[in-house]
Amino acid sequence: MNDSLNFIEQIIEEDINSGKHDGKVLTRFPPEPNGYLHIGHAKAICVNFGLAEKYNGATNLRFDDTNPTTEETEYVDNIKKDISWLGFRWKEELYASDYFETLYQYAVTLIKKGLAYVDDSTPEEIAAMKGSPTEPGTNSPYKTRNIEENLNLFERMRNGEFADGSRVLRSNVDMSSPNMLMRDPIIYRIKHEHHHRTGDKWCIYPMYDFAHGQSDSIEGITHSLCSLEFIHHRPLYDWFIEKLEIFPSKQTEFARMNVEFMITSKRKLLKLVQDKYVDGWDDPRMPTISGMRRRGYPPMAIRTFCDKAGVAKRENTIEINLLEACVRDELNKTAERTMLVIDPVKVVIKNFPDNISEELVMELNPEDENSGTRPIQFSNEIFIEKEDFMKDAPDNFFRMKPGGLVRLKHAFIIECTGFSENANGEVTEIYANYFPDSKSGQDTSGLKAKGTIHWVNAKNAVNCDVRIYDRLFTHPSPGEGVEDFMEHVNKDSMTVIATAKMDPGMLKYGKSFGKQFQFLRLGYFTVDPDSSTEKIVFNKTVGLKDSWAKEKKK
RNA sequence: UGACCUAUGGUGUAAUGGUAACACUCCGGUUUUUGGUACCGUCAUUCUAGGUUCGAGUCCUAGUGGGUCAACCA
């Protein structure tokens, strides 16, 4: 597809070429099971799984569950569902908590080497001794505690003899390091908490820095890919591997992907849900994977998007245009076409016989020769889109206008002969004549219609709900330049339309959640789980490009 | 008064010391029974100052801008 390599691919190829790890590539995706996956995670998933796939390697799914107070099994299931939906398969499903005993022994090893000590200081004291980015820290009075005492104390920590927060195990590195993370970081803390997997077996839990890299090493992860914010952790990551003399996994950092009009902060997302600005984590406006799924974004479109966004180390904000282009591109190839009228007005075709209907043929997807067709019924009363008719139309308006010709998609050319309107000047009904010899596919009329519009047979049309979504935020970088990001929430991000008309044959898709359609000339839509076989609810995924909208502005 | 990362069109990513390119957007056009798709075209780019070199977007130094780091979170 593209023969230029990103910087991680270059590293991997160098490693393969030099015979490192026998040319094997093993990556990992390490979510903490305390929230829902979002577009940013999708990027990390694509990078980790994608690279492994490209280099004939594999990827472990490892839940980073070292903090029992925030983690739940419910999230584990959703995370697995999201990754699978994106189309990736992990080699092994693992948990950092699987390694608690090994990690404990690693800590003992460190203590025995004089590289870790039990600190009785309070959290406040430890913070004070940390120093600041510009000032070195100071040594804890417990830093010189002897090995025997440390071993004894650490064992008693494990045995539950001490209260939460009363003691910690710290690594013995360097309190004067310019890297704050090297200033004797805490590696074990006491938490008398129930863990979602280990239950009440443990009351001490390792910190991220003493779990993540070690887990990588235990699994034999060759390339541990993470976001840039962890770059300061790398010296520590390497330090533990060196001192513990364990498998040398290598951490490589790349920049997180930001997307215009989207937020990925767990706290902010939660606020939107709790304050009911959206209808749950899978609301189609949410940047969560479950939200995008419900919105109708195809998994392949999300993967293509992440690929096209690229991998590098600088701050970036990807235009939402690119995501929507990927979605359209995918759906154009795959979505079944049908006609639906969102804002209907009736057209009466005066020279078409009443009480009969004519069966016409509609192609399911012009981009796919094998997609087939479906029959549709034409009669003397149809609905068209209100905005496809203009009383006083300019020359560049190619749709329906008095005295003008227009093609009804898959049907006939009609000529508008008049209309009626109410006291407010709103058009209530339109009149037309059709040309029997202008039928789609067998047109012998010689007539030319500049425009083609979609329609629905009014004689048997049924109502459905259509939910139209707009951006969740009014600013491409929500929260920028204002005190509270909520100031940028778009209050009109969802419009529910209950007047839409469709062919009754569509009712059979009432339980086909996620089924995708292109409503001709309107956009891509998908069946929402709120649907039933009595009443379908469609979510608008994304509109078609609309060059008429641009033309109108001129 | 620290350390680390980073700087290429509007956006993102390439160019691995040798003609700055690709995608999306924008704008214009061709085709079209979706004002969609497809196709073609236009505009537009190396933060600044020094240095090394026959030659620097690339290497070096300094500056400037942006980002990150002081949770018993991950």
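Excluded from the calculations below are hydrogen atoms, water molecules and symmetry mates; all remaining heavy atoms, backbone and side chain alike, are included. In what follows, chains carry the letters A, B, and so on, assigned in the order in which the sequence lines appear, proteins first and then strands, with residues in each chain numbered from 1.
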Pairs: protein N or O with nucleotides 61-64 of chain B N or O, under 3.5 Å:
none

Is the phosphate of [N] approached by [X] (side-chain N or O, under 4.0 Å from OP1 or OP2)?
X        : N     : answer
A/Gln10  : B/A14 : no
A/Lys130 : B/C72 : no
A/Lys550 : B/G35 : no
A/Lys450 : B/U33 : no
A/Lys552 : B/G35 : no
A/Ser547 : B/G36 : yes
A/Arg189 : B/A71 : no

**Message:** Within 45 degrees of the ring normal and closer than 6.0 Å to the centroid, is that where the cationic atom of A/Arg158 sits relative to A/Tyr104?
**Reply:** yes
Determine whether a donor-acceptor pair (one donor, one acceptor, N or O, separation below 3.5 Å) exists between the side chain of [X] and the base of [N].
X        : N     : answer
A/Gln518 : B/U34 : yes
A/Arg521 : B/U34 : no
A/Arg328 : B/U37 : no
A/His232 : B/A70 : no

**Prompt:** Contact class for A/Met207 (heavy atom, under 4.0 Å): base, sugar-phosphate, or nothing?
**Reply:** sugar-phosphate
**Request:** Grab the two heavy atoms, one from A/Lys130 and one from A/Pro185, that are nearest each other, plus how far apart they are.
**Result:** NZ-CA, 4.4 Å
**Request:** Grab the CZ-P distance between A/Phe525 and B/G36 for me, whole Å please.
**Result:** 16 Å
**Message:** Without decimals, in angstroms, what is the distance between A/Trp548 CH2 and B/G35 C1'?
**Reply:** 8 Å
Which residues share a side chain to side chain donor-acceptor pair (under 3.5 Å) with [X], sequence neighbours left out:
X        : answer
A/Glu32  : A/Asn34, A/Thr70
A/Glu253 : A/Arg234, A/Gln251
A/Asp443 : A/Arg407, A/Ser445
A/Thr452 : none

Tell me which nucleotide among [options] gets nearest to the side chain of [X].
X        : options             : answer
A/Glu551 : B/C72, B/G35, B/C69 : B/G35
A/Pro133 : B/G2, B/A14, B/U25  : B/G2
A/Thr452 : B/G2, B/U6, B/U33   : B/U33

Between the protein and nucleotides 17-22 of chain B, which nitrogen or oxygen pairs come in under 3.5 angstrom?
none

**Message:** Tell me every residue that passes side chain to side chain contact (heavy atoms under 4.5 Å, CB included) with A/Ser121, counting only those two or more places apart in sequence or in another chain.
**Reply:** A/Asp119, A/Glu125, A/Ile126, A/Met129, A/Ser140, A/Tyr142
**Prompt:** Looking at residues at least two apart in the chain, or sitting in another chain, which of them share a side chain to side chain contact (heavy atoms under 4.5 Å, CB included) with A/Thr526?
**Reply:** A/Gln516, A/Asn539, A/Thr541
**Request:** May I ask you to test the A/Tyr99-A/Leu94 pair for a side-chain heavy-atom distance under 4.5 Å?
**Result:** yes
**Fill in**
Every stem of 3 or more Watson-Crick or G-U pairs under 3.5 Å that RNA chain B joins, in order of first number, is B:2-7 with B:64-69, B:10-13 with B:21-24, B:27-30 with B:38-41, B:47-51 with B:59-63
**Asked** Got a donor-acceptor contact below 3.5 angstrom from the A/Glu71 side chain to the A/Asn67 backbone?
**Response** yes
**Request:** Mind checking ring-ring contact (aromatic ring centres under 6.0 Å, His included) for A/His212 and listing every partner two or more places apart, or none if nothing turns up?
**Result:** A/Tyr208
Hey, what are the protein-to-nucleotides 42-46 of chain B N/O distances that come in under 3.5 Å?
none

Review item, nucleotides 7-12 of chain B N/O atoms under 3.5 Å of protein N/O:
residue : atom : partner  : partner atom : Å
B/U8    : OP2  : A/Arg314 : NH1          : 2.3
B/U8    : O4   : A/Arg314 : NH2          : 2.8
B/G10   : N2   : A/Glu319 : OE1          : 2.8
B/G10   : N2   : A/Glu319 : OE2          : 3.4
B/U11   : O4'  : A/Glu319 : OE2          : 3.1
B/U11   : O3'  : A/Thr317 : O            : 3.2
B/U11   : O2'  : A/Thr317 : O            : 3.0
B/G12   : OP1  : A/Thr317 : N            : 3.2
B/G12   : O2'  : A/Ala309 : O            : 2.6

